[in-house]
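What follows is one structure encoded as structure tokens, with my remarks underneath.
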Amino acid sequence: MTLRAHMMDCPLMISDILVHAAKCHGDQEIVTRLPESGQIHRQNYARTHERTKQLANALQKKLKIREGDRVATIAWNSHRHFELYYAISGVGAVVHTVNPRLDPKQIVWMLDHAQAKAVFFDKQFAPLIDGIAKACKSVKNWVLMTDKSHADAVQTRSKTYEELIGDQPADFDWPVFDENAAAGLCYTSGTTGDPKGVLYSHRSNVLHALACNASDVIGVGARGNLMPVVPMFHVNAWGIPYAAPMSGAKLVMPGAQLDGPSLHELIEGEKVSYVAGVPTVWLGLLNYLDKEQKRIDSVERVLIGGSALPEALLRAYEDRYGVTMQQGWGMTEMSPLGTVNALLPKHDGLDREEIVKIKLKQGRLVFGVGMRIVDDEGRELPWDGQSSGHVQVRGPWIASSYYRGAGAESFTGDGWFSTGDVAHMDGNGFMTITDRSKDVIKTGGEWISSIDLENAAMGHPDVAMAAAVGMPHPKWQERPLLIVQVKDGIEQSDATRDSILEYLRGEVPKWWLPDAIEFVDEMPIGATGKILKTKLREMFKDYEFPGVEA
Ligand code: ADP
């Protein structure tokens, strides 16, 4: 029998993170580009804690929020959204972050499914709210996240945020309760079927933040100056709103302006050292830097995830702008962190091409996440750097089921979550995703990695974005169709097609070459900034490869 240890059993509470930041890093700043005005707002952690306590009082006394209630936010990254994260979870309620880019019908569905009692929203989303408010029966209060002077012409609101908290006392004793109590709720984007809710706990978010702060993960420390461009409605902005105050890092919140010029201005103005976001954001910034001959010399590292890091992007930022690109992999169900790419001592001395190959992997497994790779029959595959299979994970910040029951098939009988990704692992714990299970192109019994094919195509100088999808083929079951958005000023012509094909010949195995290349004027981008393959499949559903008889 094991011997019970004599250690305190203190519940892990999210509110403790902010209490710590206010006490030990009270003068460290959160800088926000205000969503309602574009102006820069500064406030330190000590002041943020005071305002968060005012908000906690207002939630309880004015909005009658009780333990377990769901309170939704439809908002950009800002100091107010940060305060909501802490005040809502701090009183024992649940922050339900809603992605405003989703279809309004889906938002109504989510708020209803979550039975949200109150909704906090940025002014920019006022028209959306006016359109859906009547249909949201559970919502008793709508709060506009600004002050009175910016509240003109907004119909649906109970109060502005500043009016709500302004008359409240700044003393509040954060209650201590079960660390397994729900703290946050985020729905997956629901590209197949209804969205599914992931319900995070105090324990899972605190442990995840500790893991983020390891030096090979985010680990910027108190000298760090972090800008999450990844929205706070996208898997807790990858945990940064918890990890930064825990370590005392400065936080820079970009608000509603995520375009190249605005990001550049904020990075330069605040001397940001670490930024995080999806590849489409970094493509936008890169175009601006290249065109205007600007630099971002304060930036040391970029955390990039959500979809695969394109090789051309890696090379552009690292070789031309001296920024380290660090790829990460995860998902809503994983809080989101699973792997982050950081080189090992054994990689010292490798030549650039070998390093690039390693950096294009999704990264090394983070401690706390257990992983196995299994074949179609559920048999475990070796970590030999080539045996591809379905990725299953488990750990203290991995969902054990979805909120209110959906999606039970994603959870195995022996306690693992099936991610829906296909990957191989190498002997150093580096993961290489070859596809999402539903995106692999199955051709003649073999699998083509749509990610690798897209990545290769993105290396062509005329290609702005590329997506490979499997199209039915009478002989091969499926063959790849490459859909391309060319860069501004490039012609959508046969010559461009030929040139891309010719380029790919040098990059991928012959049998991977797309059977056809089609152009789109604008790639459909989903609510989390990724190419929407479902939409592309819909657009090309009657597509037939030229010269192929069905
Ligand atoms: P969804 O895209 O369904 O909204 P998430 O935002 O949680 O869900 O995204 C999770 C998925 O995004 C992963 O399962 C994986 O397919 C993909 N993904 C995340 N990071 C990477 C990466 N670095 N490389 C390739 N795919 C990634």
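Note that the structure is predicted; figures quoted are calculated from it, not measured. Note that the numbering runs from 1 along the sequence shown for the chain. Whatever order the structure lists them in is the order used to number ligands and atoms, beginning at 1.
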For this session: Mark yes or no for whether Thr188, through its side chain, and Lys196, through its backbone, hold a donor-acceptor pair below 3.5 Å.
Result: yes

Exercise. When the aromatic ring centroids of His81 and Phe120 are compared, is their separation below 6.0 Å?
Worked result: no

Exercise. In terms of heavy-atom contacts, does CH2 of Trp109 have more than 12 from other residues, nucleotides or ligands at under 6.0 Å?
Worked result: yes

Exercise. Are His208 and Tyr242 close enough that their ring centres sit under 6.0 Å apart?
Worked result: no

Exercise. By number and element, which atoms of ligand 1 are closer than 4.0 Å to a non-hydrogen atom of Gln327?
Worked result: 22 (C), 23 (N), 24 (N)

Exercise. Under 3.5 Å between some N or O of ligand 1 and some N or O of Gln362?
Worked result: yes

Exercise. Taking the six-membered ring where the residue is Trp, are the ring centres of Tyr403 and His96 under 6.0 Å apart?
Worked result: no

Problem set entry | ligand 1 atoms in contact with Gly328 (distance to a heavy atom under 4.0 Å) | 20 (N), 22 (C), 23 (N)

Exercise. When only distance counts, is Trp329 in polar contact with ligand 1, meaning an N/O pair under 3.5 Å?
Worked result: no

For this session: Could you check which of Ile304, Leu309, Asp421 puts a non-hydrogen atom nearest to atom 13 (C) of ligand 1?
Result: Asp421

Exercise. Just checking, any donor-acceptor pair under 3.5 angstrom between side chains of Ser201 and Asn180?
Worked result: no

Exercise. Do any heavy atoms of Gly363 fall under 4.0 Å from ligand 1?
Worked result: no

For this session: Can you figure out which of Lys196, Met331, His234 has its heavy atom closest to atom 6 (O) of ligand 1?
Result: His234

Exercise. Atom 17 (C) of ligand 1: which of Ser307, Gly306, Pro279 has the nearest heavy atom?
Worked result: Gly306

